[in-house]
Amino acid sequence: MTSTAASPTPTRPWQRWPLLGYVLRRLGTSVLLMLGVTMVTFVLTALVPGDPIAAALGEGAASNPATVAAYIEQHGLDKSIPERYLIYLTNLLQGDLGTSIKTGRPVATELATAVPATIEVALGAIIVSLAVGLTLGTIAAHRRGRATDQVLRVVSLLGLSVPTFWLAIIAYHTFFLRLGIAPGAGRLDPAFTPPPTVTGLYTVDFLLGGDPVGFFDALAHLALPVLVLSLFTIGLLTRFIRAAVLEVLDTDYVRAARAKGLPARRVIVAYVLRGASLPILTVVGVAFGVLLSGTVLVEAVYAWPGLGTYAFNSAINLDLPGVMGVGLVVGVIYLVINFAVDLLYGVLDPRVRLA
Amino acid sequence: MSTVLDATDLTVEYRGHRTVRAVDGVSLTITAGEVLALVGESGCGKSSTARAVIGMEKPHSGEVQFRGRPVPPLGLRRRATDLTAMQMVFQDPNSSLNPRKRIGDQIADGVTAARARGLTSDTPEKWLGAVGLDPAMVSRYPHQFSGGQRQRIAIARALAAQPDLLVADEPISALDASSQAEVASMMRRLCLAAGAGMLFISHDLSVVRIMADRVAVMYRGKIVESGPTATVWTDPLHPYTKALLGAIPRPDGKGVLPAAPDAEAPAAWHEEMPEALDRS
Amino acid sequence: MNAATAPRSRPRRRRLLRAIPAAWRTPLAVVGAVIALGWVIVAIIAPWVVPHDPLAQELTRLTPPGEVSLLGTDQVGRDVFSRLLTGARVTMPLALVMVVCATVLGTLIGSVAGYVGGWVDEALMRLTDLMMAFPTVILAMIIAASLGPSLFNAVIAGVVVSWPQYARVVRSLVLSLRTQNFVIAGRLLGYSPWRSLRSDILPNVAGPVLVLASLDIGTAILLLTGLSFLGLGAQPPTAEWGSMISGAMDHIDAWWLGVFPGLAILTVVMAFNFIGDSLRDALDPLSSAEREGAAGTTDPAEADPAATPVETPTTEEGR
Amino acid sequence: MSVLSIRDLTIAFGRHDPVEVVSGISLDLTAGRIQGLAGESGSGKTVSAMAVLGLLPATARVGGSIRLAGTELVGMRPRRLNTIRGRRVAMVFQDPSASLHPQLTIGAQLTDHVRAHLRLKRRDAQQRAVDLLTQVRVPEPAEALRRYPHQFSGGQRQRIAIAVALACDPEVLLADEPTTALDVTVQAGILHLLRELVDDRDLAVLLVTHDLGVMSAVADEVAVMRYGQIVESGSTHDVFTDPQHAYTRTLLDSMPDAQQSLVEDDE
Amino acid sequence: SGGNSSNNSSGGSGGEGGGTLVIDTAFSLETGDPGRNYVPTGNMMLHAIYDTLLTFEGSAEDEPIPSLATVEQNEDATAFTFTLVEGRTFSDGAPVTADDVVFSLTRVQGMTESKANFLMNGITVEKVDDTTVTLTTEGPSLELPAIVTNPALSILNSAAVTENGGTTGEDDGAEDFLGSTSAGSGPYMLDSMDITSRAVLAPNPEYNGEYAPSFDRIVIRNVTESATQLINLQGGDSNLAVDLNGDQVAGLDEGFTVSSSPSSQTIFLLVNQNEEVGKVTANPKFAEAVRYALDYEELLKLAGEGSEQATGVIPPMFVGALDSGVTPDPERAKQALEESGYDGETISLQFPSDNPVGGVEFTPVAERVQAQLKSVGLAVDLAPAPFATEIEPYVNGTEAFSMWYWGPDFADSSSFLPFGPGEKVGLRAGWEAEDDPEIAELVTAAQDATSVEEREQAMREYATAMQEEGPFVPLIVPGLNLASDTSVTNVQNNTNWTLDIPLIQPAG
Ligand SMILES: Nc1ncnc2c1ncn2[C@@H]1O[C@H](COP(=O)(O)OP(=O)(O)OP(=O)(O)O)[C@@H](O)[C@H]1O
Ligand SMILES: Nc1ncnc2c1ncn2[C@@H]1O[C@H](COP(=O)(O)OP(=O)(O)OP(=O)(O)O)[C@@H](O)[C@H]1O
Ligand SMILES: [Mg+2]
Ligand SMILES: [Mg+2]
C-alpha cells in the first residue's frame with residue numbers, strides 16, 4: 001500500500017500526503033476486509049454442530065419451552081443463516097454488535113472491558129520486547145560471530161521455543177508462590193477498586209486519576225503476564241533486529257558516518273537504528289498479532305479478563321455474536337496496526353509516499 | 001539489406017505517483033547485419049526503449065515491427081515461435097542466468113528455440129567455445145563463474161537461438177574495464193557472422209565507437225542525434241552529443257580535465273535539431 | 001584476452017549442498033540436529049521401548065518420579081515416561097504434515113498470485129489479508145471449535161492459519177523473480193508460463209521457503225500443543241504433550257505431570273528452531289561469509305557466495 | 001611534504017587461516033596533490049583506503065604503519081581515532097546514493113560531525129553547511145539543508161558527500177571511486193570540483209579509481225596495484241606514456257580508446 | 001520485573017474483625033438480577049445479598065427453614081401460605097411486604113427469557129394481606145418449599161426495582177440496575193460487579209436478620225484455572241477457593257481448612273435404549289454389563305476428597321437415597337455383555353470435556369471407565385466435546401453411550417424423578433414410559449405423594465428399581481471442596497448456592 005517514488009516535491013511530511021484520498025481508499029478496503037472477516041466468522045460459527053440455545057440455557061431451562069421460544073426470538077435464531085447475517089450487518093451499521101447468547105448482554109459492552117485488558121498486556125509486552133529486543137539485537141549485530149552473539153542467539157531461539165501456556169503456570173507458581181516477588185492473579189489487588197474508566201487500561205486510568213498507589217499495583221499485576229508473553233516476541237524481535245541492524249551496518253552510509261568520526265553511540269542511534277527502523281516497525285506489527293494470539297493461552301492462568309478468555313469462552317459456548325465480536329475487534333485491531341505502521345513508515349522514511 | 005526491426009514513434013510511460021514519460025517518440029530501424037548503438041546518460045530511456053522493442057513493456061503509443069509483423073507485449077501467453085528470433089542480453093550478468101540450472105541446459109534452451117523455428121544450431125559446448133569459454137564447463141552452475149564469464153554464457157544462450165535481432169542492454173557495463181572492449185567486439189563478430197542485426201545499448205561512447213555501425217544519441221527520452229558512428233564521433237552536431245564526447249576523459253597521461261558542462265542540464269541539450277538526425 | 005584464460009576457479013559444489021554441511025558445522029545446528037534426531041528416533045521406537053502401555057492405568061496414581069516409574073505416574077495411574085515417549089509420535093508428524101500442507105498450499109497460491117498478477121493477484125492477496133487479520137490461535141480456535149475438537153481438525157486449523165505467510169513470501173519472491181532477466185530470457189526463448197514457473201521460478205523460491213518451513217515446524221508444534229492444551233486438539237486418552245500439560249494443571253503439586261511434557265515441547269521446538277535458524281544462516285550469503293571468518297565484507301561481490309573470488313586477473317567489476 | 005605516509009601496509013582477513021589481500025604497500029600523500037591509485041577489481045584499493053581510517057571490520061588484521069603528520073594510526077584506539085576521522089582525514093565513498101542516510105536531512109548529515117568535532121553551535125554549523133554547499137555548487141543551499149538525499153540527482157548527491165567530507169577542514173581526503181557511478185558529463189563536473197578543492201585548500205587526496213581516463217585527467221601521481229601490491233608508481237605523465245610494468249601496459253592497451261574501430265566501411 | 005509488590009498477604013487479610021474476604025471461583029456469573037439468574041456463581045453471590053422466603057442454613061438441607069417468611073401447607077400439598085416475619089427491611093430501610101413478594105415472584109413468571117422462569121411454572125401467587133402470601137399449585141407439590149429457597153426467587157425491593165424499569169411483564173428492564181446495585185434484604189449489598197472478573201460486596205447497614213455481615217468487604221474473583229486458585233490460596237492472595245479438586249485439597253498443609261462434602265450432583269453413564277440410536281446399547285443387558293463391569297471404588301479415587309460413590313440416581317443426602325451402591329462383578333458383566341449381543345465393536349463414549357463438576361474432571365474418569373470396560377471385553381473410545389457442542393445431542397437423546405451429570409434444580413429428591421422412563425432425562429436415554437411402565441408408575445407415585453413418609457417410601461422404591469433396570473449407571477457424587485485459610489471459619493457448602501457466604505466468620 002506504500003510505494004517509493006522519487007520526486008522532489010514539498011518538504012514537510014504532512015504537506016506531501018494527499019491524505020484524504022488515501023484515507024478514503026484505505027477505508028474502502030478496510031470495510032471490505034471487515035466484511036470478509038465477519039462473513040468468515042459467521043460461516044465458521046454457523047457450521048458448528050451444536051445448539052447455542054441449549055448451550056446457553058443449560059440443563060434446566062433448555063427444557064422450558066417458554067424460555068427456549070423467548071431465546072429463539074430474541075436472538076433471531078429461527079431465521080435462515082443469510083438472513084441472520086444480513087440482520088447482523090444492519091445492526092452493525094448502527095454500532096450494535098448484537099447480544100451475547102450466553103450472557104444476554106450486549107457484545108459491545110462485554111468487549112469494552114475485555115479488549116482494553118488484553119491491549120494493556122499486549123502493549124506492555126510490545127514495549128518490553130521492543131526495549132529488550134533493540135538492545136540485544138543491536139548488541140548481537142555488533143558482536144556478530146562472537147561468543148556474545150552466539151549466546152544471544154541461543155537465548156532468543158529459546159524464547160521462541162517455550163510453550164507459553166506452560167511457562168505461564170510455572171512462572172506464576174515460582175514468582176508468586178515460591179519467591180513471593182510477583183503479586184497475585186487478576187488485574188488488581190482485591191483491596192483496590194478499578195479506576196474510573198477512561199481508556200480501560202488500568203495503569204493509564206490510574207495515572208489520569210492521579211492515583212500512584214493504584215498505578216503501581218496495576219503495573220505490578222501486569223508484570224508477570226507481560227513478561228511471560230513477551231518472551232516469544234523478545235526472541236522474535238531480537239533475531240529480527242539483529243538481521244536488520246546487520247544489514248544496515250553493512251551500508252555505505254553507516255560506514256560514512258563512522259568515517260565522519262561520530263561517537264559510536266550516536267552512530268548506532270541516529271544512523272543504524274534509524275536505518276533499520278522500517279523493517280523493525282513491520283515486525284513489531286507482526287509481533288502484536290502474535291501477542292494477541294498468545295493471550296488466549298495465558299489469560300486463564302492469570303485470571304485476566306481479556307479478549308483471549310472471551311474469545312475462548314465464546315467459541316466454546318457457540319456464542320455466535322460473541323465470536324463475531326471477537327473477529328470484528330481483532331480485525332479492526334489488525335487494520336489499525338497496519339494503518340499505524342504505514343503512517344509511521346511515512347514519518348520515518350521521507351522516500352515513502354502514501355499513494 | 002532487409003529490415004529486421006522497425007520501431008516508429010515509440011512512447012513509453014510509467015504510471016505511478018506521477019506519470020513518467022521515459023521514451024518520447026523514438027523511431028529506429030535496424031537492418032540485418034547491422035549494429036545500431038543507443039547511447040545516452042543514465043535514465044534517459046535506453047532500457048525502456050529496449051524493453052519496448054522486445055515486448056517486455058507495452059508501449060504507450062507507437063509501433064514495433066519485427067520482420068514486418070507487430071511485436072505483441074510479453075504477457076501470460078507463450079511467445080509465438082517466430083518471435084524467438086528476437087533475443088536479448090541483459091546488463092546484469094548476475095541475474096541473467098537461472099542460478100539453479102546448469103549452464104549447458106540454459107544454452108540448450110536457446111538451441112531448442114532455434115530448432116523450433118526449423119533452424120540448426122550448434123551444441124551448447126560449441127557455443128561455449130564460441131564465446132571463449134571452456135566447453136568442458138557445460139555442466140557447471142552459474143555461481144561458479146565470474147561476472148564476465150556469466151555475461152558470455154548469456155550471450156551464448158541468446159545466440160544459440162539463432163536470432164535475427166539481438167537486443168543488448170548495456171551488456172558490458174558490468175564488466176571489468178579491461179575486458180569490456182573484448183566482449184563487445186566478440187558480440188559484434190558473432191552477430192554479424194550469423195547475419196543478425198543488433199541493438200546495442202551503452203552509455204560509454206568509446207566502446208560504441210569501436211563496434212557500432214550507426215549510433216543514436218538519446219537525451220531525456222528523445223533521440224537527439226543519429227548517424228554513422230564515425231561521423232557522429234568526429235563531427236557531433238547536437239550540443240548534447242558534443243558535451244557527451246567532450247566529457248570523456250582520455251587515458252593519455254596529459255592531465256587534461258575533460259570539459260564540464262556548467263549547470264546540470266543546459267537548455268541547449270533539449271534543443272531539437274532535425275539536421276542532426278539521420279546523418280550520413 | 002580473458003576469453004582464452006578460463007579462470008581456474010576451485011571446483012565448487014552446488015550452493016545448497018554446500019550450505020548444508022556449512023550449517024551443520026555450527027554447534028547450534030549440531031545440537032539442534034542431535035536433539036531433533038533423538039526425538040525422531042524416540043518417536044519411531046517408542047512402542048517397543050516404553051516400559052508401560054501409555055494408556056494402561058495400571059500403576060498407583062500420582063507417584064513422584066523414581067518411586068514406581070522413571071518420571072512418575074499421572075492422575076489415573078499411567079506412566080508419565082511412557083506417555084512422554086509416545087507423545088513424540090503424535091505431535092511431531094502432525095506438525096510436519098501441517099507445515100508441508102501449509103507450504104504447498106501457500107506456495108501454490110502465492111506463485112499463482114505473483115505470476116498471473118492482475119485481478120487474480122488482487123483477489124488472492126485480499127484472501128490472505130483476510131486470513132492474516134485473525135490472530136492465529138484465535139482463528140485456529142474458532143475453526144477447531146466449529147469442526148469439532150480433534151487433532152486432525154487442529155491440523156486443518158493450523159494449515160488454514162499458516163498458509164497465508166507462505167503465500168505472501170512466495171508471491172513477493174515470484175514478483176521479484178518474474179522480472180529477473182533470466183526469467184524473461186526464458187520467456188523470450190518461448191517458454192510457456194507454466195514451464196517458466198516450474199523451471200525458472202519455483203526452484204529459486206524453494207530455498208527461502210524451505211528455511212521458512214523449517215523455522216515454522218517449531219511454531220506448528222507450539223500451535224498444535226497449544227490447541228490440545230485448550231482441549232481443541234488431541235483428545236483423551238491420547239498421550240499428547242499439550243493435553244498432558246492441560247491435565248497437569250489440575251495437579252500443580254504433582255509437578256512432574258507438567259514439567260516433563262513442557263520440557264519435551266521446549267526441546268523439540270528448540271531443536272527445530274536451531275536447525276531452521278542455522279539453515280537460514282547457511283543460505284543467507286551475508287552470514288555464511290561471516291562464519292567463514294570474513295565478517296564485515298566490504299565488497300558486495302565477496303558477500304555473494306555466487307561471486308566467488310577467482311584467482312585470475314579477469315574478474316568482473318565490484319558493483 | 002608528505003601529510004600521510006603509508007609504509008609496508010599489510011591487510012589480512014580471517015581469523016583461522018588469514019588471507020592476505022594487501023601485502024606491503026607504501027604511499028605518500030602530499031598537500032595540494034592528488035595521488036591516484038589504480039588497479040583491477042579486488043586488488044585491494046578500497047581496503048587500503050579504509051585501513052587509514054580504521055574502518056575495516058574486526059576480522060581484518062592490519063600491519064605496517066600509517067602516519068598522519070607523524071602520528072601512528074595503525075592500532076590507535078577507536079576513541080582517539082574518532083578525533084581524527086572526519087576531522088583531519090575524511091573519506092568519500094563510491095556510491096553517492098548509498099553513502100548518505102536516506103532518512104536524514106542533508107542538513108543533519110552535514111552538521112552533526114561539525115558540531116561534534118568543532119563544537120559549533122547549531123546556527124554556526126548550519127551557516128558553515130550553507131557555505132560548503134555553495135562551494136560544491138549545490139543550488140539553493142539553504143533550502144537544500146532541509147531536503148533528503150533522494151531529492152537530489154546523483155551528481156548533486158556526490159557533491160554533497162564531498163561537502164560532508166570537507167566540512168571539518170580535513171588535511172587528507174580519501175576518495176574511493178567517487179565518480180564511477182556517475183554519467184560522464186556529471187563526472188567531468190566532479191573532477192573539476194576535486195581539482196579546484198585541492199588547489200584552493202591545499203588538500204592531500206588519495207583518489208582510488210579503476211578508470212584510467214579519470215586517473216589521467218586529475219591525478220598528479222599514480223600507483224598501479226595488482227594482487228595487493230603496487231606494481232608501478234610515478235608521475236601520471238610518465239606512467240601513462242611510458243609504462244614500465246607489463247601489467248600496466250596491458251591495462252592501457254585494453255582501453256577502448258586505444259583500439260581500432262571494428263567497423264570497416266560506412267554504409 | 002514485577003517490582004514493588006509485597007502486599008500479597010495484606011490485600012487478602014480477612015481475619016481481624018471484619019476486613020476483606022477474598023473468594024476465588026471459576027465464574028459462571030451472568031447477571032446481578034436474581035430473577036434472571038440460574039448459575040452457581042450468581043446463586044452464591046445473590047444468597048448473600050438477597051433473602052428468599054425460606055432458606056437452608058449451611059449444609060443442613062433436610063428441610064427448608066424460615067427466612068423472610070414461615071410457611072403452612074394444606075393437606076394436598078397444593079396451597080402454601082407464607083407469613084412474613086416481622087420487622088425485616090431492605091437495604092434502603094423500607095420494610096419487606098407482601099407486595100414485594102408478589103412482585104418478585106410474578107416478575108420471574110413474566111420473564112419468559114429468564115432461565116429461572118421454569119421454577120415458577122404452574123404456581124399461582126396471591127397476596128392475602130400485607131404480611132401474607134399464598135402460592136398454589138395444580139397438583140401436589142411437596143417440593144415447593146424447597147423451590148422457593150432458590151436465589152432466583154429472591155425477594156426484591158419492589159419500589160426500587162419498579163422505579164428502575166422493573167415490571168412483572170415481558171418488558172422488564174431492571175437488569176442493568178440490579179447489576180450495579182442491589183435491592184435486597186440480605187446481609188450484604190452489591191458494591192460493584194464485573195461478570196468477567198469480580199464482584200464486590202459490602203455490608204448492608206440496614207440488615208436486621210439473623211446473619212449479621214461480618215466482613216467489611218467481600219471480593220468474589222473469577223479465577224478459572226483451579227491451579228491458579230490453589231496457588232492464590234497458598235500464596236495468601238485469597239482466603240477461600242471454591243473449585244479445588246480432591247487431589248488439590250489433599251495436598252494442602254495445616255495452614256488451611258478444607259470443608260469437603262459430597263455435592264448434590266451425580267456423574268452417571270447414559271446407555272441409550274433407543275435401538276435406532278444405540279443399537280447394541282438398547283439391549284438392557286448392555287447397561288447391566290456396564291454396571292457390573294465398573295470398579296466404583298477405583299473411580300472414586302480419581303474424584304478424591306469429599307466425593308462418594310453414587311449409590312443410585314438419588315445422591316446420598318437426599319430422601320430416598322439407597323444405602324449402598326453396586327458391587328462390581330466382572331463375571332456377571334461379561335455374561336451380560338455376551339447376552340446383549342455385543343460382538344466386539346467399539347462404542348463411543350461421549351462426554352463434555354470442559355465442565356468439571358465439583359472439581360472432578362470428566363476426562364480422567366472417562367479414561368478410567370474406558371480402561372475398566374476394556375477389562376471385561378467392551379471396547380470404548382472416547383469422544384469428548386465442549387459442553388456447548390455436546391449438550392444438544394444429549395438433550396435430544398441421540399447419544400448412544402455418554403457420561404453426564406445431573407444436579408437438582410432445588411434441594412429436593414423430586415429433582416431426581418426426571419431419570420424415570422418417559423421423563424426428561426429418561427427420554428434422553430431413549431427410554432419411553434412404555435419401555436418400563438412399572439418404574440413410570442413409581443415416578444407418578446412419588447410425584448403425587450402428599451406426606452413426607454409416603455414420599456420417602458416411593459422414592460426409595462423408585463431408586464431401587466432404577467438401580468436394577470434403569471439405563472443409567474450412576475458413578476460418582478463429586479465432592480465439593482471449600483478450602484480456606486486460617487483467617488475464616490464456618491465455611492459451609494450448600495446445594496443451592498455452593499458456599500454459604502453469610503455464615504462465614506472471621507477467625508479468632
Ligand atoms: N518500472 C518503472 N517505473 C517507473 N519509472 C521507471 C520504470 N523504469 C524506468 N523508469 C524511469 O524511466 C526513465 C528511463 O529509464 P530507463 O531505465 O529506460 O533508463 P536508462 O537509459 O536505461 O538508464 P540507465 O543507463 O541508468 O540504465 C527513468 O527516469 C526511470 O526512472
Ligand atoms: N571483509 C572482508 N573479508 C574478507 N575479504 C575481504 C573483505 N573485504 C575485502 N576483502 C578482500 O580484499 C580484497 C581487496 O578488496 P578491495 O575492496 O580493496 O578491492 P578493490 O581494489 O577496491 O576492488 P574494486 O575495484 O572492485 O573496488 C578482495 O579480494 C576482497 O575479496
Ligand atoms: Mg538501463
Ligand atoms: Mg573498491
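Treat the numbers as computed from the prediction; the structure is a model and nothing was measured. Order of the sequence lines sets the chain letters (A, B, ...), proteins ahead of strands, with each chain counted from 1.
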So which heavy atom on [X] is nearest to which on [Y], and how close?
X: A/A256; Y: D/F93; answer: CA-CE1, 3.4 Å
X: D/N82; Y: A/P263; answer: ND2-CA, 3.9 Å
X: A/A259; Y: D/L53; answer: CB-CD1, 4.0 Å

Just how far is it from atom [atom1] of [X] to atom [atom2] of [Y], taken to the nearest 0.5 Å?
X: D/L104; Y: A/R274; atom1: CG; atom2: CZ; answer: 5.5 Å
X: A/R258; Y: D/L55; atom1: CZ; atom2: CG; answer: 5.5 Å
X: A/R255; Y: D/D176; atom1: CZ; atom2: CG; answer: 10.0 Å

Can a donor-acceptor pair be found, under 3.5 Å and without considering hydrogens, that links the side chain of D/H117 to the backbone of A/K260?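 Flag set: sc D/H117 to bb A/K260 pair under 3.5 Å.
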With respect to chain A, which residue among D/M91, D/R79, D/Q109, D/H101 yields the maximal number of heavy-atom pairs within a distance under 4.5 Å?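 Winner by heavy-atom pair count: D/H101.
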Heavy-atom pairs under 4.5 Å with chain A - which of D/P102, D/A90, D/A116 has more of them than the others?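 Option with the greatest count: D/P102.
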Heavy-atom distance under 4.5 Å to chain A: side chain of D/L100, backbone, both or neither?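 For D/L100, the backbone is the part near chain A, not the side chain.
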Can you tell which part of A/A264 gets under 4.5 Å to a heavy atom of chain D, answering side chain, backbone, both or neither?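 Interface part for A/A264: backbone (N, CA, C, O).
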Count the heavy atoms belonging to other residues, nucleotides or ligands that lie under 6.0 Å from CZ of D/R201, then report whether that count exceeds 12.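 More than 12 heavy atoms, drawn from other residues, nucleotides or ligands, come within 6.0 Å of this atom.
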